[in-house]
Amino acid sequence: MVKMSFWQGKKVFITGHTGFKGSWLLLLLQSLGAHITGFALSPESDPNLFSLANAADGIVSVKGDIRNSRRLNAAMKRCSPDIVFHLAAQPLVRASYRLPVETFDVNVVGTANVLEAVRSSGATVRAVIIVTSDKCYENREWIWPYRETDQLGGYDPYSASKACAELVTDAFRRSFFAGTPTALSTVRSGNVIGGGDWAQDRLVPDLIRSLLSGKTPKVREPLAVRPWQHVLDPLQGYLLLAERMYAAGDQLGQAWNFGPDNAQPLTVGEIARELLASWDEKELPSSQIEDAIKEAAAPIRDNMVDFNDPKPHEAQRLVLDCSKARTRLGWRPLLDTKEAIRWTADWYQAYAHGKSVREMTLKQIEVYKNLQA
């Protein structure tokens with residue numbers, strides 16, 4: 001269970017705080033009383049959660065690129081943080097096919113820059129969480145969940161870049177931080193969903209855009225299996241790990257999986273159906289979507305979802321083994337996949353009807369925190 005008393009007054013440095021996941025982390029830490037410095041580029045999408053939720057209020061927000069080591073070092077030294085979360089990245093598989101060199105530059109060199117900034121900032125940093133991806137594993141399309149000790153790899157530039165970030169972190173850990181007060185961990189979460197994600201080529205944002213515009217939804221890989229989870233579940237894991245690292249030092253500085261319960265993994269097509277069915281029929285933005293919702297209880301059909309979107313290679317099956325985090329940290333996901341979808345649909349419907357995004361996001365954070373009790 002995450003402790004508010006621990007985070008009260010802690011100085012936290014977050015890279016990528018203007019992104020979807022970074023904004024949720026920022027607002028969660030604000031609710032716990034942390035003092036936050038964020039370092040990131042401007043939000044890529046319009047709309048975006050960072051701006052809609054006024055997430056910059058009450059924090060130090062520094063505009064910068066993690067590839068600019070001089071600016072990054074200066075920002076971290078000014079913050080003199082207790083804990084660092086590194087989320088800044090090129091986060092999309094399909095974009096990595098278009099921008100392979102940029103993907104490796106941001107995800108690999110950028111990670112090295114963050115770790116070097118920690119190293120040169122002094123002895124104040126006690127815990128560093130490097131966020132990579134479940135896609136860092138060499139995907140063999142097998143039915144067994146991947147454990148932290150399984151081989152790293154990557155078919156596409158994004159996956160390979162995240163595997164490289166894991167190796168960079170391990171090299172820094174062993175070369176520079178072993179035996180010091182600073183503990184380094186990497187965290188590998190599943191496919192996160194939740195309100196405020198507007199990225200291109202992601203399932204939920206693509207579906208939401210279709211729902212709000214009345215266009216036919218598109219799904220690229222309807223039979224692919226992914227570890228779907230609400231964004232607050234892995235973030236809770238990151239905070240819990242940081243608390244334990246702060247106390248235990250490098251004993252816990254290693255790789256960690258944070259994924260959903262794998263008892264009933266859902267396919268991409270099943271996620272699409274659940275989201276469509278969760279959309280409140282009384283508040284649909286168009287009659288076209290009303291027709292789609294009536295179809296949602298049945299299997300997805302070609303006239304409802306377009307499966308012919310051209311696509312590069314993407315893995316068909318990916319599931320995580322999270323027994324290590326459950327056993328050693330006492331972590332567990334608090335929302336099952338269907339609950340995560342309902343929370344996501346509720347958030348976007350509140351947005352669609354002009355309700356306060358900040359209020360809705362903080363309300364869901366408070367409800368989630370109460371589930372830990």
Side-chain angles (χ1 to χ4, degrees), residues 14-16 19-22 24-25 40 44 66 85-97 99-100 102-112 114-115 128-141 145-170 184-194 197 199-205 221 224-238 241 254-260 262 265 268 312-322 324-325 333:
I14 306 174
T15 71
F20 160 62
K21 200 171 183 180
W24 275 97
L25 176 60
E44 290 192 356
I66 56 173
F85 292 95
H86 172 44
L87 286 81
Q90 192 298 95
L92 301 172
V93 172
R94 283 160 68 91
S96 77
Y97 281 104
L99 303 166
E102 180 177 326
T103 298
F104 281 106
D105 197 15
V106 174
N107 294 354
V108 185
V109 177
T111 296
V114 171
L115 292 169
V128 182
I129 305 287
I130 304 295
V131 179
T132 63
S133 171
D134 57 340
K135 296 175 181 65
C136 70
Y137 294 107
E138 180 64 38
N139 195 305
R140 304 184 186 280
E141 302 288 359
Y146 290 88
R147 298 169 297 176
E148 290 88 346
T149 53
D150 283 327
Q151 182 180 342
L152 300 173
Y155 182 105
D156 56 88
Y158 169 77
S159 301
S161 74
K162 288 301 189 177
C164 289
E166 291 276 349
L167 295 175
V168 166
T169 303
D170 191 51
L184 268 63
S185 283
T186 57
V187 291
R188 308 159 180 178
S189 68
N191 283 37
V192 295
I193 61 176
D197 188 1
Q200 296 292 328
D201 296 327
R202 280 189 186 151
L203 176 64
V204 170
E221 298 283 354
V225 173
R226 297 284 189 275
W228 305 95
Q229 59 193 144
H230 193 275
V231 63
L232 286 171
D233 269 335
L235 292 182
Q236 177 212 190
Y238 302 171
L241 175 59
Q254 49 199 264
W256 300 83
N257 286 342
F258 293 99
N262 292 322
V268 168
H313 173 273
E314 293 186 59
Q316 290 298 302
R317 184 174 182 85
L318 181 55
V319 182
L320 295 176
D321 181 337
C322 303
K324 177 179 168 182

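Only this structure's heavy atoms are used, side chains among them; waters, hydrogens and symmetry mates stay out.
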* To do: Output the distance between atom CD (Gln254) and atom OG1 (Thr186), rounded to the nearest 0.5 Å.
  => 9.0 Å

* Grab the two heavy atoms, one from Cys164 and one from Phe104, that are nearest each other, plus how far apart they are. => SG-CE2, 4.5 Å

* Check Ala88 against His86 and note the closest heavy-atom contact, atom names and distance. => O-CE1, 3.3 Å

* Side-chain heavy atoms of Val108 within contact of Ser161, under 4.5 Å -> yes

* With a 3.5 Å cut-off and no angle check, do the side chains of Lys21 and Tyr238 form a donor-acceptor pair? -> yes

* To do: Determine whether Asn191 and Asp134 make a side-chain contact, defined as any pair of heavy atoms from C-beta on separated by less than 4.5 Å.
  => yes

* To do: Could you walk me through whether Ser159 and Tyr137 pass side-chain hydrogen bond (donor to acceptor under 3.5 Å, both in side chains), step by step?
  => CA-CA 8 Å; Ser159 301; Tyr137 294 107; over 6 Å; no

* Asked: How long is the span from the SG atom in Cys136 to the CG atom in Leu152, to the nearest 0.5 Å?
  -> 5.0 Å

* Would you check if the side chain of Asp233 reaches a backbone N or O of His230 as a donor-acceptor pair within less than 3.5 Å? => no

* Which atom names give the shortest non-hydrogen contact between Ala199 and Pro205, and what distance separates them? -> O-CB, 3.3 Å

* To do: Supply the atom-to-atom distance Asn257 CG to Asp150 CG, rounded to the nearest 0.5 angstrom.
  => 9.0 Å

* State whether the side chain of Asn107 and the backbone N or O of Gln90 hold a donor-acceptor pair below 3.5 Å, judged by distance alone. => yes

* Structure fact -> Heavy-atom nearest pair, Ser185 first then Leu241, reads CB-CD2, 3.9 Å

* To do: Please test Tyr158 against Arg94 for side-chain hydrogen bond (donor to acceptor under 3.5 Å, both in side chains), starting from the C-alpha separation and ending with a verdict.
  => CA-CA 8 Å; Tyr158 169 77; Arg94 283 160 68 91; over 6 Å; no

* Asked: Roughly how far, to the nearest 0.5 Å, is SG of Cys322 from CZ of Phe258?
  -> 8.0 Å

* Got a sec, which residues hit salt bridge (Lys or Arg N to Asp or Glu O under 4.0 Å) with Glu148, two or more places apart in sequence or on another chain? -> none

* Under the ring pair (Phe, Tyr, Trp, His ring centres under 6.0 Å) test, which residues partner Phe85, sequence neighbours left out? -> none

* Is the backbone N or O of Leu87 less than 3.5 Å from a side-chain atom of Thr15, with the two atoms forming a donor-acceptor pair by type? -> yes

* Within a strict 4.5 Å, meaning less than it, do heavy atoms of the Leu318 and Lys135 side chains meet? -> yes

* To do: State, yes or no, whether a side-chain contact exists between Val192 and Pro234 at a heavy-atom distance under 4.5 Å.
  => yes

* **Close side-chain approach of Arg188 and Ser133, heavy atoms under 4.5 Å** => no

* Would you check if Ile193 and Gln229 make a side-chain contact, meaning some heavy-atom pair closer than 4.5 Å? => no

* Would you say the side chain of Gln200 lies within less than 4.5 Å of the side chain of Glu44, judging by non-hydrogen atoms? -> no

* About how many Å separate CD of Gln151 and CG of Asn139, when rounded to the nearest 0.5 Å? -> 11.5 Å

* Asked: What do you reckon, is CD of Glu138 surrounded by more than 12 foreign heavy atoms closer than 6.0 Å?
  -> yes

* To do: Search all heavy atoms of Ser189 against all heavy atoms of Leu320 and return the closest pair with its distance.
  => C-CD1, 3.9 Å

* Listed by chain and number, what are the salt bridge (Lys or Arg N to Asp or Glu O under 4.0 Å) partners of Asp197, not counting sequence neighbours? -> Arg202

* To do: May I ask you to decide if Ala165's main-chain N or O and Thr111's side chain share a donor-acceptor pair within less than 3.5 Å?
  => no

* Taking side chain as C-beta onward, heavy atoms only, is Pro260 less than 4.5 Å from Trp228? -> no

* Phe20 vs Trp24 aromatic rings, parallel, tilted or perpendicular, using cut-offs 30° and 60°? -> perpendicular

* Hey, which of Leu184, Leu25, Val187 is the one that makes side-chain contact (heavy atoms from CB on, under 4.5 Å) with Ile129? -> Val187

